Student: 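Pasting a structure below so you can have a look.
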There are 4 protein chains.
Amino acid sequence: MSSDSQSLVRSSDPLHSANLIPVLCRQFYQLGWVTGTGDLVYIAPSGVQKERIESEDLFVMDKKTMNLIHSPVSNHKPSACTPLFFNAFTLRNAGACIHSHSQNAVLATMLFDKEFEISNQEMIKGIKKDGSYLPMMYSDRLVVPIIDNTLFEQDLTSFMADAMNSYPETSAVLVKNHGVYVWGKTWQDAKTMAECYDYLFELAIKIKAHGLKV
Amino acid sequence: MSSDSQSLVRSSDPLHSANLIPVLCRQFYQLGWVTGTGDLVYIAPSGVQKERIESEDLFVMDKKTMNLIHSPVSNHKPSACTPLFFNAFTLRNAGACIHSHSQNAVLATMLFDKEFEISNQEMIKGIKKDGSYLPMMYSDRLVVPIIDNTLFEQDLTSFMADAMNSYPETSAVLVKNHGVYVWGKTWQDAKTMAECYDYLFELAIKIKAHGLKV
Amino acid sequence: MSSDSQSLVRSSDPLHSANLIPVLCRQFYQLGWVTGTGDLVYIAPSGVQKERIESEDLFVMDKKTMNLIHSPVSNHKPSACTPLFFNAFTLRNAGACIHSHSQNAVLATMLFDKEFEISNQEMIKGIKKDGSYLPMMYSDRLVVPIIDNTLFEQDLTSFMADAMNSYPETSAVLVKNHGVYVWGKTWQDAKTMAECYDYLFELAIKIKAHGLKV
Amino acid sequence: MSSDSQSLVRSSDPLHSANLIPVLCRQFYQLGWVTGTGDLVYIAPSGVQKERIESEDLFVMDKKTMNLIHSPVSNHKPSACTPLFFNAFTLRNAGACIHSHSQNAVLATMLFDKEFEISNQEMIKGIKKDGSYLPMMYSDRLVVPIIDNTLFEQDLTSFMADAMNSYPETSAVLVKNHGVYVWGKTWQDAKTMAECYDYLFELAIKIKAHGLKV
């Protein structure tokens with residue numbers, strides 16, 4: 001790794017991935033979101049306080065070869081989610097992927113069995129069907145597959161890939177007692193959809209708590 | 001559209017609509033509020049991250065002719081709520097209208113049938129009766145009509161207008177499984193009343209959860 | 001009112017009441033707190049967006065004569081709570097008083113009848129008994145009187161005074177379906193105790209929701 | 001105490017304890033966290049508004065002799081938790097300890113009896129077993145002892161020490177109707193684990209509210 005790789009994480013453009021990811025990590029700190037995005041894949045380190053991540057803490061990986069082309073000076077490792085993010089990149093040609101340990105996602109996996117389902121909610125219109133990328137309708141039934149958790153995060157990779165193949169229009173996979181992965185063509189799409197999914201998980205939980213039907 | 005229209009969204013006055021709307025959008029980001037206000041109508045774009053809206057992202061529309069007299073450079077569209085905002089401007093001579101997807105509003109539409117009702121709560125005094133513009137009393141029964149949602153947001157326009165005609169003193173209309181529209185003479189009134197309504201929706205939901213009578 | 005009264009609301013000291021109140025109003029915006037404090041009594045205006053209050057929006061009243069010695073240029077009125085704040089100043093020699101419409105306070109008045117009661121909670125130690133000003137013990141039973149609400153806020157004055165006379169050690173009075181008044185010798189005491197009361201109201205509500213005994 | 005001790009609380013390094021603690025106190029103000037850390041022990045004062053603590057408000061204590069080697073000019077006292085923080089330093093060689101009155105911790109002590117227990121949750125992996133300092137597995141059963149509260153905080157010291165001896169792998173002790181103590185080798189570890197514990201307390205409470213098994 002040449003010292004020139006430093007330039008990969010230095011930019012005066014606030015929307016450059018190297019500047020955007022720390023901002024998004026701080027913004028979504030409470031939900032524990034992490035994100036990779038761009039032609040090159042920018043990956044948050046594990047073991048760093050999410051609200052304190054700086055540009056120079058990021059890893060940069062080549063999307064095709066999956067080689068690390070920039071590592072931070074510190075001896076952190078890239079997030080253990082990395083192989084799962086690559087599912088979104090390789091199976092769906094995503095531009096960004098977000099992982100959350102949101103309690104709304106976790107509780108949804110406990111209150112539903114193999115699939116999270118909700119219908120007739122305005123916020124469903126914020127979700128785009130993968131493939132066609134058409135936005136869903138208010139009356140559509142949104143289905144998100146729920147896969148079992150594994151002892152080690154990387155072992156989820158093939159189960160997540162199976163779910164993605166079985167649900168070709170989904171842009172999210174829930175993991176039992178763990179959280180959710182959401183992806184989109186751009187970081188804006190991934191972020192907006194992650195917000196919509198979290199809103200719908202939270203709403204479904206409240207609806208069930210009030211004894212109503214989702 | 002002449003290039004002079006740029007001046008419509010440039011002002012050093014922090015209370016000018018072009019500066020106020022981005023601030024309010026950021027402030028109310030969590031509740032998903034958007035707002036149009038003023039003699040000219042300033043409209044937030046759809047498809048832009050609400051907390052990142054800048055003055056130059058706004059549309060400006062002539063209140064009487066409904067012609068767009070300023071559009072942002074980007075190829076966004078004005079919010080799909082625009083015809084609904086105009087209900088408030090044309091039917092009630094409002095100066096500002098706010099739309100929210102607040103989960104408090106959505107749950108209220110699920111826990112009540114055709115009308116949201118609450119009485120004997122101090123916060124009711126924050127609501128002004130449209131028409132007379134007299135503030136409500138503590139002991140008054142606040143009633144907000146709930147209309148059914150439609151597949152497309154613009155199709156709500158006539159149903160919202162019907163509800164406004166049937167409830168001439170209301171300053172808000174709830175939409176089933178969708179959210180709420182709130183308007184007032186000024187942006188301060190619209191904002192204060194939207195806060196009071198949301199407080200009362202949330203309180204009513206909690207009161208019902210505890211098995212008490214609203 | 002002489003124009004010299006402007007100097008009453010101008011100070012470079014960040015802890016001067018004229019600067020402190022706007023900061024506290026912004027900080028506690030979500031709980032709807034307002035506060036009067038000091039030898040002179042500084043009073044927030046009604047009808048101003050709490051998070052936008054500036055020093056020059058404040059009223060200043062003489063504590064003994066209750067005469068207004070400074071009014072803002074705008075045609076706002078002092079908060080309708082003013083006579084209730086003066087209960088704390090005249091009956092208890094308080095230095096500051098806070099009024100909140102917190103939903104925790106409101107729900108507590110609905111889940112309890114004439115008195116809010118809680119015991120065996122560490123946070124009770126944050127409350128000082130009025131009169132002796134001794135901090136309460138963990139095992140003490142904290143009792144806060146709940147008075148009925150009235151149509152007009154000023155009509156609460158005598159009922160609040162009655163409750164203060166009947167509960168000489170209380171430093172708070174709850175108002176049914178309305179909120180709570182909390183006072184202390186200094187703004188720090190009033191603020192700390194208001195935080196402790198709100199914590200205990202919220203906790204008692206959760207404890208009851210789980211079917212446990214307070 | 002020589003005037004030279006002022007230099008102990010002055011540093012241009014933002015990660016120096018004298019600067020870090022006020023930042024963390026502000027950041028965790030809502031959860032009521034306080035923290036001591038470092039070779040020297042930096043202790044927040046009691047009776048100061050947590051979000052207003054400045055470097056010069058801190059006490060500095062010698063870790064071995066437990067002598068105060070710096071006190072603020074104001075006549076505040078060190079936090080009453082000081083002897084409990086020293087349990088973590090002396091019994092476990094901790095580098096930092098955090099005390100919280102979080103309602104999640106308090107409710108957990110009321111919904112569980114002598115031990116808080118949870119299993120099969122991804123967030124358990126954020127907890128390190130004291131001694132070996134190995135991270136826990138997803139399928140491990142996390143157990144946190146719950147000790148009874150005492151009238152005076154310092155009287156908890158021996159009961160907390162007993163629990164630490166009985167549960168040699170725990171990095172936290174819950175106190176009935178009071179809160180939780182969490183410690184780690186570094187402030188980063190203590191902070192991350194305190195966040196994980198609070199997440200798990202909150203999640204367990206929600207799981208029980210929905211009638212599910214933890």
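Because the structure is predicted, anything quoted here is derived from the model rather than measured. Sequence lines set the chain letters: A, B, ... in the order given, protein chains first and strands last, and positions in each chain run from 1.
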Student: Taking C-beta and beyond as the side chain, do Asn120(D) and Tyr138(D) meet within less than 4.5 Å on heavy atoms?
Tutor: yes
Student: Please check if the side chain of Asp140(D) supplies one atom and the backbone of Leu142(D) the other of a donor-acceptor pair under 3.5 Å.
Tutor: no
Student: I'd like to know if the side chain of Tyr197(C) reaches the main chain of Val144(C), judged simply by a donor and an acceptor atom lying under 3.5 Å from each other, with no hydrogens or angles considered.
Tutor: no
Student: Below 4.5 Å from any heavy atom of chain D, which atoms of Leu203(C) appear? Answer side chain, backbone, both or neither.
Tutor: both
Student: Minimum heavy-atom separation for Val214(C) and Ile118(C), please, with both atom names.
Tutor: CG1-CG1, 3.2 Å
Student: Check Phe89(C) against Ala96(C) and note the closest heavy-atom contact, atom names and distance.
Tutor: CE2-N, 3.8 Å
Student: Are Tyr199(D) and Gln121(D) side-chain neighbours, meaning at least one heavy-atom pair lies under 4.5 Å?
Tutor: no
Student: Quick one: which of His210(C), Met123(C), Lys125(C), Met137(C) has the most heavy-atom pairs under 4.5 Å with chain D, could you say?
Tutor: His210(C)
Student: Do Asp130(D) and Trp183(D) have side-chain atoms, one donor and one acceptor, less than 3.5 Å apart?
Tutor: yes
Student: Can you name the residues of residues 163-182 of chain C that have some heavy atom under 4.5 Å away from a heavy atom in chain D?
Tutor: none
